[in-house]
Each structure stands twice: as structure tokens, then as C-alpha cells.
Amino acid sequence: MVNLMKKWYYPDGKSDNTIENNRSYFLDNLKFILITLVVVGHFSFKLCDIKIIDKLVYFIYIFHMPCFIFTNGLLAKNMNAGGRLRIDKILSIFTMYLIFKMGNAIIKFIFSGYFALELLHDSSAPWYLISLCIWYLFIPVMERIKPRYFISGTVLIGLAAGYFNSIKFEFSLSRVLVFFPFFAIGFYLSKEKLEEFLNKPLRVLALAFLIAEFICIVVFWKELSAVYSILFGGTPYSEGLRNLAPYGILFRSLWYVAALLTSAATMLLVPRCKLFFSELGSRTLPIYMTHIWIRNILNYVGFFVMIKEGPAYLDILVILGSVGLTFLLANKWLKKLFDLLMMPKLYRRIFYERNQL
């Protein structure tokens with residue numbers, strides 16, 4: 001067991017050289033684990049009226065997107081290298097946002113006969129991609145402001161945003177503001193500081209914290225379920241919390257703390273060596289988009305209704321199946337297709353090669 005721990009957390013006897021060049025086994029492992037939780041969470045969400053599954057979804061939603069967005073910030077340090085913002089990458093992501101929206105609209109049209117394509121309004125999964133574009137655009141500003149001021153500012157704005165009923169789904173503005181602190185923390189955190197944290201002997205404590213947190217969710221479910229909406233960050237306090245809206249700033253503050261602690265505990269438990277799924281950590285975008293299309297199709301054909309009406313073991317099979325689906329969608333051919341759709345070479349030619357002529 002001790003040898004396994006050393007292999008996982010201190011590969012090759014090294015503890016200070018596992019994050020290099022924006023690519024590392026640790027980050028790839030973390031990203032794949034998180035995208036697996038995203039898929040499990042989205043499929044389990046359709047079964048939330050089943051006991052214990054609703055608690056599992058609550059636990060996952062506390063930290064899976066905050067931690068994922070933290071890694072986006074961590075990997076965005078070269079987005080403005082040399083004072084030249086990577087507009088090509090932003091446009092590639094925006095292209096995938098448009099494709100994501102179009103895919104959702106087509107699926108809805110096929111099964112309902114209703115076609116609606118609201119490009120600037122989103123309450124579902126594409127919010128993450130448009131938010132990522134906006135956060136990237138802020139990087140030149142972030143580089144000119146001291147971390148403590150910018151992070152503090154994003155936290156205050158994220159807390160205050162819930163009191164404005166007009167801040168909702170247009171441009172996914174509510175989530176842009178609410179989740180911005182996690183991107184900013186990742187962006188400003190140096191890889192040396194992250195390594196220093198990962199080297200700390202806190203893994204037993206981290207595991208105990210996660211277990212205790214899940215037990216608290218089960219025990220205090222009645223109280224916690226009343227503030228469920230705070231985990232999504234998409235609606236004003238008045239809609240999500242109703243009578244508890246005046247205390248929205250308190251609940252969101254507590255969630256910020258819980259998300260950071262849970263993310264930190266999770267990162268401590270992620271192996272830092274090469275594993276059988278490490279390579280798949282670079283294929284999260286195809287997984288993120290296609291699993292939503294598959295889930296939506298299954299929802300339209302009544303799959304989840306059938307599962308809820310069946311024996312309890314079917315729910316477990318769905319959860320296990322969603323894990324298997326994550327591996328299936330991480331295939332290299334789908335990755336190559338998405339790389340083509342993102343048109344990175346075209347955008348680089350437009351914005352960079354032409355300027356060099």
C-alpha cells in the first residue's frame with residue numbers, strides 16, 4: 001500500500017516536477033475524473049427523485065464544475081503570451097458553442113417538432129463554453145491587476161449577482177459571474193504553489209473530509225435541499241431560494257468555501273503518475289458535448305421514465321453505464337473529428353500568419 005501511494009503521488013521518487021508545459025499526468029487524470037463526474041451527474045440528475053441518487057448529485061455538483069473551471073484557469077496562463085491574446089483559440093471554442101447549440105436545437109426539433117435556436121440565451125450545458133470564451137477575453141485585464149484584488153472583486157460580484165433579477169441566462173451572465181472566481185484562482189495560482197500543496201501529507205484528511213461531507217449531505221438533506229439551486233449559479237436568489245433569498249449571499253459564500261475545500265481534497269487524492277486513462281484527459285470537450293446529446297435523446301424517448309419505474313438496480317446500472325459512456329466517448333476518432341470542427345488551423349492562418357506577411 002505504501003509503495004502504491006508513493007507511485008501514485010510521488011512518481012519516480014519526484015515530488016516537485018510533475019506539472020510541466022501545461023501538460024501533466026496529474027492534470028490529465030484530474031480532468032478525466034472531473035468529466036466522468038460531469039457525465040455521471042448529468043445522467044443521475046434525471047433520476048434525482050430516487051433516494052440516495054439525489055444526495056450523490058448534490059455532492060457532485062458542489063465541486064465538479066468549480067474544480068473543472070479552476071483547471072481551465074490554471075491552463076490559461078499562456079493565452080496572452082507576449083501580449084497577444086489567443087483569439088484563434090477563443091473562436092475555436094465559440095465555434096463549438098455554436099455547434100453545441102445547433103445540436104441541441106436539432107435534437108429537440110426531431111423529437112418535438114419545435115425548433116428554437118437562442119444563441120445568446122442559455123440555461124443548459126453550452127453555458128460552460130460561452131463562459132470560457134468570456135473568461136479568456138478578460139485575461140489581458142487579469143494580468144494587469146494584483147491577484148488578491150481581482151479574486152476578491154470576482155467573489156464580491158459573484159455574491160452580489162444573485163440579487164439582480166435581470167442577471168440570468170442571457171450570455172449565461174449569471175454563471176459567468178458566479179463561477180469566475182474559480183477561473184481566476186486557477187489562473188493566478190502558480191504551478192509551484194500547486195505542487196507545494198500537492199506535496200503536503202494531507203491525503204488521509206482529504207479522504208475523511210469527503211466522506212464526512214457526503215454523510216452531512218445525507219443527514220441534513222432536508223435543510224440542504226432547500227438551497228439546492230445555489231449550486232447551479234444560473235438564477236437569481238429570488239427564484240432559486242424564494243423565501244430564503246435575503247440570505248442568498250450567505251448560502252453562496254458557504255458554497256464557495258465548500259467548493260474550494262472539496263476541490264482541494266479531490267485534487268489531493270488524484271494520482272500524479274501515468275494511469276490507463278491519463279491520455280483521455282485531453283479529450284474532455286467531445287465527451288462534454290456528445291454525452292449531453294445522448295442524454296437528451298434518451299430523455300425524449302422515455303428512457304429515464306422507464307428506469308425510474310423499474311427495479312432499483314437499474315439506477316445503479318445507469319450510473320455505471322454513464323461511466324462506461326465517458327470512456328467510449330473519449331475515443332481518438334471523435335477527438336479528431338472535433339479538432340477538425342474547431343478549425344484551429346484556419347483561425348491561426350487568419351489571425352497570425354496573415355499578420356506576418
Is there a donor-acceptor pair closer than 3.5 Å between any side-chain N or O of [X] and the backbone N or O of [Y]?
| X | Y | value |
| --- | --- | --- |
| Arg175 | Ser123 | yes |
| Arg252 | Gly158 | yes |
| Asn29 | Cys273 | yes |
| Tyr256 | Val178 | yes |
| Ser322 | Ile319 | yes |
| Asn299 | Arg295 | no |
| Asn78 | Ala81 | no |
| Asp28 | Glu279 | no |
| Lys191 | Leu74 | no |
| Tyr58 | Leu231 | no |

Is [X] linked to [Y] within one hydrophobic cluster, defined over Ile, Leu, Val, Met, Phe, Trp and Tyr using a side-chain heavy-atom separation of less than 4.5 Å?
| X | Y | value |
| --- | --- | --- |
| Ile230 | Phe220 | yes |
| Phe100 | Phe115 | yes |
| Met102 | Phe169 | no |

Discussion item. Leu47 vs Phe304, test: side-chain contact (heavy atoms from CB on, under 4.5 Å). Steps then yes/no.
Written reply: CA-CA 7 Å; Leu47 305 171; Phe304 293 103; 4.0 Å; yes
Worksheet item: Can you check side-chain contact (heavy atoms from CB on, under 4.5 Å) on Ile130 and Lys101, steps first, answer last?
Response: CA-CA 11 Å; Ile130 190 64; Lys101 294 283 289 184; over 6 Å; no
Worksheet item: For Ile316, what are the other residues in its hydrophobic cluster, where any two members join if their side-chain heavy atoms are less than 4.5 angstrom apart?
Response: Leu320
Worksheet item: Taking atom CZ of Phe109 as the centre, does the number of heavy atoms from other residues, nucleotides or ligands within less than 6.0 Å exceed 12?
Response: no
Practice prompt. Answer yes or no: are there more than 12 heavy-atom neighbours, outside Phe164 itself, under 6.0 Å from its atom CZ?
Written response: no
Worksheet entry | Criterion side chain to side chain contact (heavy atoms under 4.5 Å, CB included) against Leu37, the qualifying member of Val323, Ile60, Thr326 | Ile60
Worksheet item: Hey, what's the ring geometry for Trp293 with Phe338, parallel, tilted or perpendicular (30° and 60° as the breaks)?
Response: tilted
Do [X] and [Y] have ring centres separated by under 6.0 Å?
| X | Y | result |
| --- | --- | --- |
| Tyr128 | Tyr97 | no |
| Phe150 | Trp135 | no |
| Phe183 | Phe138 | no |
| Phe327 | Phe32 | yes |

Fill in: Criterion ring-ring contact (aromatic ring centres under 6.0 Å, His included) against Trp255, the qualifying member of Phe63, Phe179, Tyr61
Phe179
